[in-house]
Amino acid sequence: MLSIQGTPTNIKTSIIGRVLKTRKNPFSRRKSILVTETKKQSDFGYIATICKDVSSSQEASSISGLSIHDLQLLHEGDIVMIKVDGTVSVLWEGNNQNNAFLLTTACDCRCLMCPQPPEKDSFEHLEIAFETLKLIDKNYSGEICLTGGEPLLLGKRFIDFLDQCARTAPKASIILLTNGKKYADFKFAKEIAQLNLNRLMHCVSLHADVDDLHDFIVQSPGSFAQTNRGLYNLAKLYQRIEIRCVVSRLNAYRLPQIAWYIYRNFPFVDHVTFMALEMTGLALKNKEKVWIDPFDYQESLEEAVRYLHRGLLRVSVYNHPLCLVSQKTRSFARKSISSWKNVYRKECEGCREKENCCGFFETSGDVMSKHIRPIS
Ligand code: SF4
Ligand code: SF4
């Protein structure tokens with residue numbers, strides 16, 4: 001989530017509003033936050049203003065002292081949250097077709113490569129998501145990603161949010177990132193299926209073809225069996241399913257076996273993805289155990305992708321720069337990294353494929369392949 005820091009004036013509690021960069025008449029200012037270089041006397045009626053110049057008014061809620069560059073990071077239609085300490089966080093990007101809601105930080109796994117270490121839940125996340133939902137454009141037709149932690153742990157409150165989300169943005173595609181364990185409970189899975197959301201994709205993580213390896217990766221015994229049961233329950237309920245396999249040192253050379261396992265046991269899934277690591281959070285803490293240069297497992301990845309593709313399963317490769325996968329795998333690689341944390345290296349200048357390449361996670365810092373070479 002993109003965040004910038006300014007000086008708060010009269011911010012007594014968190015404020016969530018929609019960014020306006022052009023001034024509107026006083027009747028259209030409700031729930032809006034004006035972003036401008038210099039605030040004018042006539043700028044009243046907005047729930048807050050965000051500006052460059054330090055505020056002279058002690059009355060209105062504002063964030064000031066931001067650079068022009070910071071102001072340019074905010075766009076018309078963004079939904080932002082202003083906190084009492086002067087932080088401005090972008091919750092929803094108005095000009096982006098890929099937006100996400102973080103619904104909880106709690107999780108019933110503790111994956112060795114989790115980029116966002118699970119924490120005790122704070123209900124704040126769901127409340128913020130509900131508030132944001134009220135402000136989004138009803139005609140939004142991009143993708144909404146529901147993520148955590150493990151969103152399904154919210155139980156009934158998750159189902160309410162999902163329902164609200166689908167009603168608010170009926171043209172949007174919803175992708176739910178989950179470890180799928182809660183779907184082992186058929187009754188719960190059925191409650192979600194009964195919402196009849198044909199634009200919902202359940203993206204279930206599965207990192208191995210055998211229980212001991214998967215359970216070790218997710219650091220939770222019994223998870224493999226639960227996730228498998230969950231996948232079958234979703235299939236019985238005619239749900240759309242994507243399987244996501246995060247590739248680490250622990251499973252990189254078993255990708256063909258994992259592909260075989262998926263093909264044999266879950267031929268009903270809509271999509272399979274192999275994802276490279278984001279080296280932050282627990283992944284960074286467990287670097288010795290999990291980090292592997294994608295260049296080193298390119299043959300294993302190619303074999304897995306080819307196997308699924310020949311079996312007529314739709315397969316993609318996420319977060320893998322094109323120069324680190326084999327030539328035959330390149331057409332399966334997608335630009336999958338969220339724009340706000342997507343960077344390229346100096347080696348990428350002059351690369352013929354930069355437009356088509358996903359680049360890198362900024363959050364991975366210096367943990368980087370030694371084989372980045374421009375494609376010419
Ligand atoms: S990667 Fe997902 S399932 Fe694993 S600990 Fe993190 S949030 Fe939970
Ligand atoms: S050099 Fe950079 S842009 Fe080109 S393929 Fe490699 S990572 Fe992608």
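Side chains included, hydrogens not; waters and symmetry mates left out as well; all remaining heavy atoms used. Numbering of ligands and ligand atoms starts at 1, following listing order.
Ligand 1 lies nowhere less than 4.0 angstrom from a heavy atom belonging to S205. Ligand 2 has at least one atom lying under 4.0 Å from a heavy atom of P374. Contact analysis puts R110 in contact with ligand 1, with a non-hydrogen atom separation below 4.0 angstrom. Under the 4.0 angstrom criterion for non-hydrogen atoms, R373 is in contact with ligand 2.
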**Request:** Dump the intermediate steps for ring pair (Phe, Tyr, Trp, His ring centres under 6.0 Å) on H320 and F332, then the final yes or no.
**Result:** CA-CA 10 Å; H320 286 75; F332 297 91; over 10 Å; no

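Listed by number with element, the atoms of ligand 1 under 4.0 Å from a non-hydrogen atom of G149 are 7 (S). Near F360, meaning under 4.0 Å from one of its heavy atoms, ligand 2 places the atoms 7 (S). Every atom of ligand 1 is numbered from 1 in the order shown, and the set under 4.0 Å from a heavy atom of C109 is 5 (S). Remark: ligand 2 atoms within the under-4.0 Å shell around heavy atoms of P321 are 7 (S). When each atom of ligand 1 is checked for a heavy atom of P118 under 4.0 Å away, the hits are 5 (S).
With contacts defined as side-chain heavy-atom distances shorter than 4.5 Å, the pair C348/C357 does not qualify. Side-chain atoms of W92 and L135, non-hydrogen and from C-beta on, never get closer than 4.5 Å to each other.
Atom 2 (Fe) of ligand 2 has its closest protein heavy atom at C348 SG, 2.3 Å. For atom 8 (Fe) of ligand 2, the nearest non-hydrogen atom of the protein is C357 SG, 2.4 Å. Nearest protein neighbour of atom 3 (S) of ligand 1, counting heavy atoms only, is C107 SG, 3.6 Å. Atom 6 (Fe) of ligand 1 has C114 SG, 2.3 Å as its closest protein atom, hydrogens excluded (heavy atom only).
Classified by interplanar angle (parallel below 30°, tilted 30° to 60°, perpendicular above 60°), the ring pair Y232/F266 is tilted. Between Y261 and F224, the two ring planes are tilted [angle within 30° to 60°].
The main-chain N or O of K21 is found under 3.5 Å from a side-chain atom of E76 such that the two form a donor-acceptor pair.
Ion pairing between K134 and E131 holds under the 4.0 Å rule for side-chain N and carboxylate O. The residues K354 and E349 are annotated as salt-bridged, a charged nitrogen and a carboxylate oxygen being separated by less than 4.0 angstrom.
Considering every non-hydrogen atom in both D296 and Y253, the closest pair reads O-OH, 3.4 Å.
Atom 4 (Fe) of ligand 2 has an N, O or S atom of C351 inside 2.8 Å of it.
Contact annotation: for C111 versus ligand 1, heavy atoms closer than 4.0 Å belong to both the backbone and the side chain. Contact annotation: for C323 versus ligand 2, heavy atoms closer than 4.0 Å belong to both the backbone and the side chain.
Inspection of the T178 and E150 side chains reveals an N or O donor paired with an N or O acceptor under 3.5 Å.
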